[in-house]
Amino acid sequence: MDLRDDARDAADAIAERLAVPQAVRSLDHRQGWWPQSLAHGAVGVALLHIERARTGQGPWQRAHDWLACAAEEPAVGGPDSHLYYGAPALAFALHAAADRPGQYARALDTLDQYVTTAIRGRLASAHARMDRGEMAALAEFDAIRGLSGMGALLLHRDVHTGLLRQVLAYLVRLTEPVTHDGEVLPGWWSHLAPSGEASPDYPAGHANNGVAHGISGPLALLSLAARRGVTVEGHREAITRVLAWLDQWQQEGPAGPWWPYWITREQLRSGVPGPGPSRPSWCYGTAGFARAQQLAALALNDRDRQRAAERALLQAMTDPAQLGATVDVSLCHGFAGLAHITQLVAADALTPGLTECLPRLLAPIIDTAPGTQTASLLDSPDGCDIGLLEGAAGVALALHSFHTGTPSASGWDACFLTSSA
């Protein structure tokens with residue numbers, strides 16, 4: 001049996017345990033039971049079964065059952081909703097499930113009303129905040145809770161291009177430098193801690209660099225949109241500004257380049273970041289930084305930058321110290337995420353050697369018997385996480401993608417702003 005077969009068997013085992021919503025609901029959920037959560041709940045599990053059904057690996061009935069579970073209660077809209085929760089998450093999953101024109105059209109039209117209303121409100125609030133000269137909250141712009149994530153949904157849906165351009169124009173403005181207390185800061189500087197809350201440990205805030213909660217999320221969306229031909233005034237300049245910031249803070253270590261998770265005001269003044277590198281995850285690590293910069297290089301047709309981003313990922317994926325700092329198998333910050341991003345980067349790469357990293361990245365998942373690995377994810381004494389971001393559905397999707405060796409049929413990974421499809 002080869003590695004792809006092992007990945008298929010491991011994905012099959014997880015999918016079987018996640019087959020029936022009623023049975024899964026009785027598990028001890030670490031995050032609680034949140035059906036409309038893409039990150040931790042039923043929407044993420046629905047995506048797993050949608051992708052499997054689209055590729056002939058599983059029955060459509062399971063996808064429909066999980067979509068029905070996720071939509072059992074009225075859709076959550078307004079300020080509490082975002083790509084990973086509520087109406088936007090439901091719209092993302094339904095769009096992924098629509099395998100023929102017009103399918104789910106009525107439900108999607110209803111959800112789109114929630115989504116577009118929420119986006120317009122957030123854009124108005126964001127521009128008003130900028131007009132007042134105030135600093136941003138991470139949740140205003142980030143990929144998980146903010147306008148970058150909502151823009152990713154619009155790009156994925158491809159039906160509200162005018163509104164998507166408004167999101168892109170906002171992101172262009174976000175990248176423009178601002179002056180606070182006599183200091184020039186990047187426009188995404190936040191007065192909050194990386195947690196998104198005020199903290200005495202971050203008295204002057206910080207500039208977040210990550211894909212999940214920092215400026216690399218907007219960079220990825222701007223780059224993906226540009227590659228689709230959806231651009232606004234100042235689009236290329238915004239991409240270049242973010243890249244210049246990341247270049248400024250790029251560090252060189254024995255195992256290659258790395259980027260700090262964030263920069264405090266003290267570090268900005270001294271020019272010296274904190275220690276690193278840490279784990280090379282999607283959310284904050286070299287894997288996420290490298291993919292965002294590769295996408296930017298592809299958008300700008302900058303082959304030198306593309307090679308540099310790919311080499312950074314290759315060096316991180318072959319560095320025992322960085323891989324040793326990775327302690328779980330999730331998509332967000334574990335081996336499933338490293339393997340999936342490496343597979344995506346390799347598909348677009350000028351640089352050889354990335355595909356050869358995949359067996360080592362997948363080994364922590366598939367070297368364990370499928371039933372044992374599934375039990376570790378869903379029967380943990382600390383509780384289970386069934387969802388996409390840190391849970392079993394995400395692990396199974398990464399394994400499924402490796403098994404098929406093809407781009408996602410449903411576009412499930414568009415919510416990570418990593419897919420160039």
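Bear in mind the structure is a predicted one, so any value in this text is a computation, not a measurement.
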- Task: May I have all residue pairs that pass ring pair (Phe, Tyr, Trp, His ring centres under 6.0 Å) and include part of residues 267-309, sequence neighbours excluded?
- Result: Trp259-Phe289, Tyr261-Tyr284, Trp262-Tyr284, Trp282-Phe416
Can a donor-acceptor pair be found, under 3.5 Å and without considering hydrogens, that links the side chain of [X] to the backbone of [Y]?
{"X": "Glu310", "Y": "Leu350", "result": "yes"}
{"X": "Thr116", "Y": "Asp112", "result": "yes"}
{"X": "Ser81", "Y": "Gly78", "result": "yes"}
{"X": "His206", "Y": "Leu192", "result": "yes"}
{"X": "His29", "Y": "Val24", "result": "yes"}
{"X": "His160", "Y": "Leu154", "result": "no"}
{"X": "Gln36", "Y": "Pro74", "result": "yes"}
{"X": "Gln343", "Y": "Leu358", "result": "no"}
{"X": "Arg52", "Y": "Gly58", "result": "no"}
{"X": "Arg165", "Y": "Thr231", "result": "yes"}

For [X], check salt bridge (charged side-chain N to carboxylate O under 4.0 Å, His left out) against everything at least two apart and list the hits.
{"X": "Asp28", "result": "none"}
{"X": "Arg265", "result": "Glu183"}
{"X": "Asp142", "result": "Arg145"}

- Going through the distances and angles, do Gln250 and Gln248 end up as a side chain to side chain donor-acceptor pair (under 3.5 Å)? CA-CA 6 Å; Gln250 178 178 319; Gln248 177 185 344; over 6 Å; no
Review item, side-chain donor-acceptor pairs of residues 84-99, under 3.5 Å, at least two apart:
{"unit_1": "Tyr84", "atom_1": "OH", "unit_2": "Cys415", "atom_2": "O", "d": "3.0"}
{"unit_1": "His95", "atom_1": "ND1", "unit_2": "Arg157", "atom_2": "NH1", "d": "3.2"}
{"unit_1": "His95", "atom_1": "NE2", "unit_2": "His156", "atom_2": "O", "d": "3.0"}

What distance do [X] atom [atom1] and [Y] atom [atom2] have between them, rounded to the nearest 0.5 Å?
{"X": "Arg8", "Y": "Phe402", "atom1": "CZ", "atom2": "CZ", "value": "12.0 Å"}
{"X": "Glu51", "Y": "Ser401", "atom1": "CD", "atom2": "OG", "value": "5.5 Å"}
{"X": "Leu3", "Y": "Ile366", "atom1": "CG", "atom2": "CD1", "value": "4.0 Å"}
{"X": "Ile14", "Y": "Thr374", "atom1": "CD1", "atom2": "OG1", "value": "4.5 Å"}
{"X": "Leu300", "Y": "Arg227", "atom1": "CG", "atom2": "CZ", "value": "11.0 Å"}
{"X": "Met150", "Y": "Leu83", "atom1": "CE", "atom2": "CG", "value": "8.0 Å"}

I'd like to check [X] versus [Y] (side-chain heavy atoms, cut-off strictly below 4.5 Å). Are they in contact?
{"X": "Asn209", "Y": "Ile263", "value": "yes"}
{"X": "Leu295", "Y": "Leu219", "value": "no"}
{"X": "Thr161", "Y": "Asp158", "value": "yes"}
{"X": "Leu399", "Y": "Val395", "value": "yes"}
{"X": "Leu18", "Y": "His49", "value": "yes"}
{"X": "Leu224", "Y": "Leu155", "value": "yes"}
{"X": "Leu123", "Y": "Leu163", "value": "yes"}
{"X": "Arg54", "Y": "Ile50", "value": "yes"}

- Message: Is it the case that atom CD in Glu266 sees more than 12 heavy atoms from other parts of the structure closer than 6.0 Å?
- Response: no
Taking only residues two or more places apart in sequence, or in another chain, which ones meet [X] in a side chain to side chain contact (heavy atoms under 4.5 Å, CB included)?
{"X": "Ala42", "answer": "Pro35, Trp66, Cys69, Ala70"}
{"X": "Val178", "answer": "His180, Leu185"}
{"X": "Glu233", "answer": "none"}
{"X": "Asp367", "answer": "Ala363"}

Qualifying side-chain hydrogen bond (donor to acceptor under 3.5 Å, both in side chains) pairs with a residue from [range], counting only residues at least two apart or across chains:
{"range": "residues 185-199", "value": "none"}
{"range": "residues 124-135", "value": "His127-Arg173, Arg129-Glu140, Asp131-Arg173, Arg132-Glu134"}
{"range": "residues 315-336", "value": "Asp319-Gln322, Asp328-Ser330, Asp328-His333"}

- Task: Please determine if Arg17 and Asp12 form a salt bridge, counting it only when a charged side-chain N lies under 4.0 Å from a carboxylate O.
- Result: no
- Item | Short N-O contact, Arg291 and Asp348, less than 4.0 angstrom |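 Between Asp348 and Arg291 there is a salt bridge, with a charged N closer than 4.0 Å to a carboxylate O.
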- side chain to side chain donor-acceptor pair (under 3.5 Å) between His400 and Thr55, worked out: CA-CA 10 Å; His400 175 87; Thr55 55; 3.0 Å; yes
- Message: We want to know whether Thr175 and Arg241 form a side-chain donor-acceptor pair, criterion being a heavy-atom distance below 3.5 angstrom.
- Response: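 Side-chain D/A pair, Thr175 to Arg241: present.
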- Item | side chain to side chain donor-acceptor pair (under 3.5 Å) between Asn208 and His213, intermediate numbers included | CA-CA 7 Å; Asn208 200 297; His213 297 297; over 6 Å; no
